[in-house]
Amino acid sequence: MILEQITDQLTETLTSRVLALFGHAVDRVILQTPPKLAMGDLATPLCLELAKALKRKPREIAEIVTKDIHLPMFVQSVAVEGAGYLNFRFDRGAFTAAHIKTVMTASATDGERVIVEHTNINPNKAAHIGHIRNAVLGDTYVRLMRWLGYRVETQNYIDDTGVQVADVVVGFEHLQKEGIAEVQKRIDDPAVPFDYFCWDLYSRMTAFYQESEEAKQWRRDTLHRIEHQEGETAELAALIARAIVRRHIATMLRLGITYDLLPKESDIIQLHFWNRAFELLKKSGAIFFEEEGKHKGCWVMRLSETEQFEGMDEPDKILVRSNGTVTYTGKDIAYQLWKFGLLDRTFHFRKFLTYPDGHVLWESTHDDPTDPSAPRFGGAKRVVNVIDARQAYLQKVVKEGLRLLGHTKEADNSLHFSYEMVALTPSTAKALGMEISEEDAARAYIEMSGRKGLGVKADDLLDALEQKATDAVREGSKTEGVSDEEMRTLGRQVAIAALRYFMLKFGRNKVIAFDFSEALTFEGDSGPYLQYSTVRVENIFRKMSERGVDAKIDDRSLDALTLTEGLTDEMWELVRISAELPAAIRRAVDSLELSVVTHHLLELAQKFNSFYHKYPILNEKDEAERQRRAVCAEVFRRTMVGALELLGIPIPLRM
RNA sequence: GCGCCCAUAGCUCAGCUGGAUAGAGCGACAGCCUCCGGAGCUGUAGGUCGUAGGUUCGAAUCCUACUGGGCGCACCA
């Protein structure tokens, strides 16, 4: 907060000075942290940029700009250094005293309404680590957005009428020869998780279809019956989808990931969202009926004239098939219109479940009347869809659909939060018992495939992480007298940190080649490292109160701090990096690169651990020095407590 | 064929809208627990930033071409 004030004021001051002194209008002022602490706390290459326009030497400009400059509060000095950089140095004591009062305070939640759609796992099999990346990115993005003041609604779209569900239904009816009663028994059976059973069943379907023409027809019939809600098949599909969604919700809850609403595709169909969108699309001329050629009998969206789709062989997108059924993309356009409040109809809503913390998860429905206690859903100003990069084309089509309908603003506010897939290293795939061809073994990574049953299930990974973390806790030195139950809780907390951090630390455009040993690391650049640092600082303050050591953070100690100016470089860096976090969060959200935040926190934690070894607090006899150190530790503590909450990482009592 | 993405230390990755001597983790090597917890700390070694041009006072970053790898381009989602 305080750093943002300084940058704002410096930008203003420099802009107006350059205008007054040289009659030159600056369109932007870059203010950044210098590479070395000795170069100050904030720097700008402004005078280097101006050199050409003003036809003068950078240092000469710098001297003129800085002469008699009025510096903002907390900025102690400015110096011209290097090729002509302006380096600003802060009043460390005053800055620290001011900063500690506003560390990690969130913005008021009165920002614009945003819908974030994430997770969206087909309800036909267990979640795998690719889904975890999606959900962790989505959930963390939501937390950061809320902290920035946006009013965010989290939606997890359930495609309960697609072919993937149909495949599992065919599997139960024709391979397993099981109906509703038998399937219900499997759902209730605690020995084999239902989503695991379906994972295997689904992977058997490809071969089944290949060897039988009859089976292919069953698949078509099943899909038709599900879409039209016909008979026991539709009922079975609904039962399966619902049971698997519950499993997915439970898996994600292990990571602290929750949702506000589950919109279901079946309800989009039943409530005729598509019919309404279809009318709008036809009326606007965005789509037309193909009388001739390859797409004869289909309704298609003409994209060949759109700049984005130039050069494609087949840029036109079919929205309604020749048999009259709607494609996923068609339904997605209707759904996107609804999210913006552009359809003159909405879902009915009912409670799906209540989370342990009391938060209610709602689902869409079409038959029951809406629960009067339901909040207002939809009608957002901005829509963010967290979907992997392979679906970029589809996302573009949806966006273009809005534009063709004349909703230019909404098209611009439709954001595809794109990220690359999680693949497996050949060694991991082999460890899972997969048969790897020689060709595949030579690759850097192997793509997961739900259809082939090739992948690491989310719950399996979490189990392994929890086991390893619990063992690590047990081996720790500080666990005498800790119950087994408590150690498992600590293990779970460490596992969450390891996995969430692992999914965030890579840039979103990097393919993650998943490797067990790498994901199971609790050292270095990892979530547990952040936890460990936080546990340490919490321990200091706990011990201080236990031992009656005085290191209260009150106005007196803060005043003393401002007067003494005794902050060493190490102490000061702790404060400054903490103060830079809000800017890092802003940058992360604007660029959708959440790794910016994890990276910043790693740096902060590293500084703290150095500080920790160099500057003992409890045993420091000099009171002023002890309080100075305690203030820095407190800044770190508040920063990490707030930041880990934003990353969804719990803070263990001990590790 | 067209489009998107990736290429930086032995390995995995950072490097913010072009800015100061390219950083971190792991691995390797050498150290550090009578001292708030060693899941930690300190130090050493390790880089023609895929290649070749170009723009610029300044390029890992922007432009062009190329090389190698990945992913898309369904009446699937």
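Order of the sequence lines sets the chain letters (A, B, ...), proteins ahead of strands, with each chain counted from 1.
- For A/Tyr612, the listed nucleotide lying nearest its side chain is B/G38; candidates were B/A77, B/C71, B/G38.
- The base of B/C75 sits with one of its N or O atoms less than 3.5 Å from a complementary donor or acceptor on the side chain of A/Ser322.
- With respect to the salt-bridge test (charged N to carboxylate O, under 4.0 angstrom), the residues A/Glu447 and A/Arg390 qualify.
- Counting any heavy atom pair closer than 4.0 Å across all strands shown, A/Tyr529 reaches sugar-phosphate atoms only and no base atom.
- Checked by atom type, the side-chain pair A/Asn609/A/Arg536 shows a donor-acceptor distance below 3.5 Å.
- The nucleotide whose nearest atom lies closest to any side-chain atom of A/Pro45 is, among B/A39, B/C36, B/G19, B/G19.
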Can you give me the dot-bracket string for RNA chain B, 5' to 3', counting Watson-Crick and G-U wobble pairs with both distances under 3.5 Å, using [ ] for crossing pairs and | for partners on another strand? (((((((..((((.....[...)))).(((((.......))))).....(((((..]....))))))))))))....

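- At a threshold of 4.0 angstrom between heavy atoms, the contacts of A/Tyr615 include nucleobase atoms, whether or not backbone atoms are also involved.
- Atom P of nucleotide B/C35 and atom CG of A/Asn619 are separated by 9 Å, given to the nearest angstrom.
- Put simply, CG on A/Asn539 is 11 Å from P on B/G38, counting in whole angstrom units.
- A salt bridge is defined here as a Lys NZ or Arg NE, NH1 or NH2 lying under 4.0 Å from an Asp or Glu carboxylate O, and A/Lys55 with A/Glu60 fails to meet this definition.
- B/C6 atom P lies 14 Å from atom CE of A/Met421, rounded to whole Å.
- Using a 4.0 Å heavy-atom distance criterion, A/Glu603 is classed as making no nucleic acid contact.
- Between A/Tyr615 and A/Phe611, the angle of the ring planes lies from 30° to 60°, which puts this pair in the tilted group.
- Within 4.0 Å of A/Lys36, counting heavy atoms only, lies no atom of the nucleic acid at all.
- Rounded to whole Å, atom P of B/A74 lies 14 Å from atom CD of A/Gln391.
- In this structure, A/Glu523 atom CD and B/G40 atom P are separated by 5 Å, rounded to whole Å.
- Residue A/Lys55 is out of contact with every strand shown, counting any heavy-atom pair closer than 4.0 Å.
- The closest side-chain donor-acceptor pair between A/Arg542 and A/Asn539 falls under 3.5 angstrom.
- Taking atom NZ on A/Lys510 and atom P on B/U12, their separation rounds to 10 Å, with Å as the unit.
- Residues A/Tyr328 and A/Glu265 have side chains that never bring a donor and an acceptor to within less than 3.5 angstrom of each other.
- By the criterion of a centre-to-centre distance under 5.5 Å and near-parallel planes under 30°, the ring of A/Tyr393 forms no stack with the base of B/G72.
- The NZ-C1' distance, from A/Lys621 to B/C36, rounds to 12 Å in whole Å.
- Aromatic rings from A/Tyr335 and A/Tyr157 are positioned such that their centres are separated by under 6.0 Å.
- A side-chain donor-acceptor contact under 3.5 Å links A/Thr33 and A/Glu580.
- If you take CG of A/Asn385 and P of B/A77, they are 17 Å apart, rounded to a whole angstrom.
- B/C63 and B/G47 have their C1' atoms separated by 25 Å, with the value rounded to a whole Å.
- A donor N or O paired with an acceptor N or O is found under 3.5 Å between the base of B/C16 and the side-chain atoms of A/Arg587.
- For B/A77, neither phosphate oxygen OP1 nor OP2 lies less than 4.0 angstrom from any side-chain nitrogen or oxygen of A/Tyr328.
- Contact check, A/Arg474 against B/A39: no side-chain N or O comes under 4.0 Å of OP1 or OP2.
- Remark on RNA chain B: of its neighbouring residues A/Ala444 and A/Asn87, the 5'-side contact belongs to A/Asn87, judged by nearest-heavy-atom nucleotide.
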